[in-house]
Amino acid sequence: MVSIYTLTLSPSLDSATQTAQIYPEGKLRCTSPVFEPGGGGINVARAITFLGGKATAIFPAGGATGEHLVSLLTDERIAVDTVIAKDWTRQNLHVHVDSSGEQYRFVMPGAALNDDEFRQLEEKVMAIESGSILVISGSLPPGVKTEKLTGLIRAAQQKGLRCIVDSSGEALVAALESGNLELIKPNQKELSALVNRELSQPDDVRSAAQELVRSGKVRRVVVSLGPQGALAVDETGSVQVVPPPMKSQSTVGAGDSMVGAMTLKLAEGATLLEMTRYGVAAGSAATINKGTRLCSHADTQKIIAYLSQP
């Protein structure tokens with residue numbers, strides 16, 4: 001099995017709670033908060049572990065919130081490799097409103113990373129054994145320019161690491177400048193921004209993804225289509241996987257679960273269809289849960305069995 005590592009430059013300590021209704025100014029009585037690890041790469045590593053695989057999460061951790069984050073990951077038996085940061089790790093808040101079923105996500109700015117802290121993270125990446133998969137997922141924190149991300153990816157590739165990037169905006173554009181990425185997972189809006197044109201028809205989405213593959217920037221593009229599942233493209237062709245109809249409780253963690261599942265299959269040498277099916281199954285499994293919970297192995301297996309039917 002190929003070793004898997006994840007890099008999260010902007011981790012978080014996520015808290016989830018419920019309240020009867022939401023309105024301005026008054027005191028909103030909430031349930032006891034549930035704390036969970038957060039941040040793109042951290043959640044990818046968690047999803048891989050929940051699905052029976054192994055991954056090591058590399059990230060900066062600062063202050064009491066950072067210590068709490070590491071403690072939660074230790075409880076989940078997630079392998080971690082941290083850099084002690086000066087700024088406290090951010091804490092996000094997820095609120096579910098019982099009366100309406102609405103969800104509110106309060107996302108704080110990421111903790112700043114100084115040059116020395118980023119250098120230490122780079123050193124940890126460069127210590128990874130050649131041939132491993134490195135998943136860089138999440139947003140860039142204050143103090144980290146896109147040029148640093150591009151440089152880190154190129155250095156990792158020169159070391160022989162296979163890089164997957166799950167981000168958006170300028171960070172994703174910068175990552176693609178490195179070229180030869182293993183996988184990206186944009187949604188339709190993000191893909192439209194990457195090719196700088198509207199994608200109004202299904203064939204437009206496929207053509208745009210194929211364009212990125214042919215350019216040499218990335219080997220596989222999996223476009224997240226929400227309830228319509230995902231469209232995956234590589235140099236051999238394309239596949240679309242549509243999940244079974246199910247009631248969604250929360251979309252939080254669905255994308256990270258999907259990336260984790262696809263990374264696990266990629267490490268096993270699976271086909272494009274097998275990889276995409278497993279990703280859609282895990283992403284769909286995460287939506288069954290309220291709050292910030294990720295996919296479970298049992299739910300994912302039930303959905304993959306449905307998707308694998310002839």
Side-chain angles (χ1 to χ4, degrees), residues 4-16 36-51 53 55-62 65-66 69-70 72-73 76 78-83 85 89-92 94 105-111 113 118 121 124-125 133-142 144 146 148-149 152-153 156 161-176 181-187 190 218 222 224 230 250-264 266 279 282-283 286-287 291-295:
I4 302 172
Y5 295 80
T6 70
L7 175 64
T8 309
L9 296 175
S10 192
S12 63
L13 175 65
D14 290 348
S15 56
E36 289 192 287
I42 288 173
N43 277 336
V44 169
R46 294 173 69 215
I48 289 170
T49 303
F50 296 163
L51 293 172
T56 299
I58 301 171
F59 60 93
T65 48
L69 172 59
V70 172
L72 290 172
L73 289 167
E76 292 183 345
I78 311 295
V80 302
D81 192 1
T82 62
V83 166
T89 300
R90 62 176 170 160
Q91 182 171 339
N92 297 328
H94 177 97
R105 300 172 65 184
F106 299 90
V107 180
M108 307 302 164
L113 274 181
F118 188 84
L121 290 168
K124 291 186 179 296
V125 168
I133 294 177
L134 173 66
V135 183
I136 303 173
S137 181
S139 58
L140 293 182
V144 176
T146 56
K148 283 190 173 183
L149 176 63
L152 185 148
I153 293 172
L161 305 186
R162 302 163 61 191
C163 296
I164 295 172
V165 177
D166 187 27
S167 191
S168 60
E170 292 182 355
L172 181 55
V173 172
L176 285 167
L181 297 180
E182 287 289 329
L183 170 69
I184 62 170
K185 185 199 64 62
N187 58 33
E190 291 165 345
V218 59
V222 179
S224 177
S250 171
T251 58
V252 179
D256 294 330
S257 295
M258 185 177 182
V259 172
M262 292 193 297
T263 301
L264 189 55
L266 194 59
T287 68
T292 57
R293 289 177 58 196
L294 301 176
C295 59

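In this text, all values refer to a predicted model and were calculated from it rather than measured experimentally.
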Closest non-hydrogen atom pair, Leu181 against Ala175:
CD1-O, 3.8 Å
Taking side chain to side chain donor-acceptor pair (under 3.5 Å) as the test, write out the residues that go with Glu170, two or more places apart.
none
What is the minimum heavy-atom distance between Pro37 and Asp14, and which atoms define it?
O-OD2, 4.1 Å
Would you sort out whether Val218 and Leu176 count as a side chain to side chain contact (heavy atoms under 4.5 Å, CB included), showing the intermediate values?
CA-CA 7 Å; Val218 59; Leu176 285 167; 4.1 Å; yes
Kindly write out the residues that satisfy side-chain contact (heavy atoms from CB on, under 4.5 Å) with Glu190, not counting sequence neighbours, or none if the list is empty.
Ser168, Pro186, Asn187
Is the backbone N or O of Ser139 less than 3.5 Å from a side-chain atom of Ser167, with the two atoms forming a donor-acceptor pair by type?
no
Determine whether Val83 and Phe118 satisfy the following criterion, side chain to side chain contact (heavy atoms under 4.5 Å, CB included), listing intermediate values before the conclusion.
CA-CA 9 Å; Val83 166; Phe118 188 84; over 6 Å; no
Do you know the tightest heavy-atom contact between Ala230 and Val222?
CB-CG1, 3.8 Å
Partners meeting side-chain contact (heavy atoms from CB on, under 4.5 Å) with Ala55 (sequence neighbours left out):
Ile4, Ala45, Ile48
Does the pair Ile136 and Leu149 meet the rule for a side chain to side chain contact (heavy atoms under 4.5 Å, CB included), with working shown?
CA-CA 9 Å; Ile136 303 173; Leu149 176 63; 4.0 Å; yes
Smallest separation among heavy atoms of Gly39 and Ser12, with atom names
N-OG, 3.5 Å
Can you tell me which residue among Thr82, Leu121, Thr89, Leu9 is in a side chain to side chain contact (heavy atoms under 4.5 Å, CB included) with Pro60?
Leu121
Quick check for you: to the nearest 0.5 Å, what is the distance between Arg46 atom CZ and Glu76 atom CD?
4.0 Å
Does the side chain of Val44 reach to within under 4.5 Å of the side chain of Thr8, using non-hydrogen atoms?
no
Flag the pair Leu69 / Phe59 as yes when at least one side-chain heavy-atom distance between them is below 4.5 Å, and no otherwise.
yes
side-chain contact (heavy atoms from CB on, under 4.5 Å) involving Ala282 - partner list, sequence neighbours excluded:
Leu51, Ser257, Ala261, Cys295, Thr300
To the nearest 0.5 Å, atom CZ of Arg90 lies from atom OG of Ser10 at 3.5 Å
What pairs with Asp81 under side chain to side chain donor-acceptor pair (under 3.5 Å), at least two apart in sequence or on another chain?
Lys124
Mind checking what makes side-chain contact (heavy atoms from CB on, under 4.5 Å) contact with Ala156, not counting sequence neighbours?
Val125, Leu134, Leu161, Cys163
Approximate separation, where rounding is to 0.5 Å, of Thr6 OG1 and Ile58 CD1
7.0 Å
Could you check if a side-chain atom of Ser15 sits within less than 4.5 angstrom of a side-chain atom of Gln91, using non-hydrogen atoms only?
yes
Between Lys185 and Ser224, what is the shortest heavy-atom contact and its length?
NZ-CB, 4.3 Å
Got Leu183 and Arg162 here, is their nearest side-chain heavy-atom distance under 4.5 Å?
no
Quick one: does Asp166's side chain get under 4.5 Å of Ile164's, heavy atoms only?
no
Kindly compute the distance separating CG (Leu172) from CG (Leu140), expressed to the nearest 0.5 Å.
10.5 Å
Stepwise, does the side chain to side chain contact (heavy atoms under 4.5 Å, CB included) test hold for Asn43 with Val259?
CA-CA 9 Å; Asn43 277 336; Val259 172; over 6 Å; no
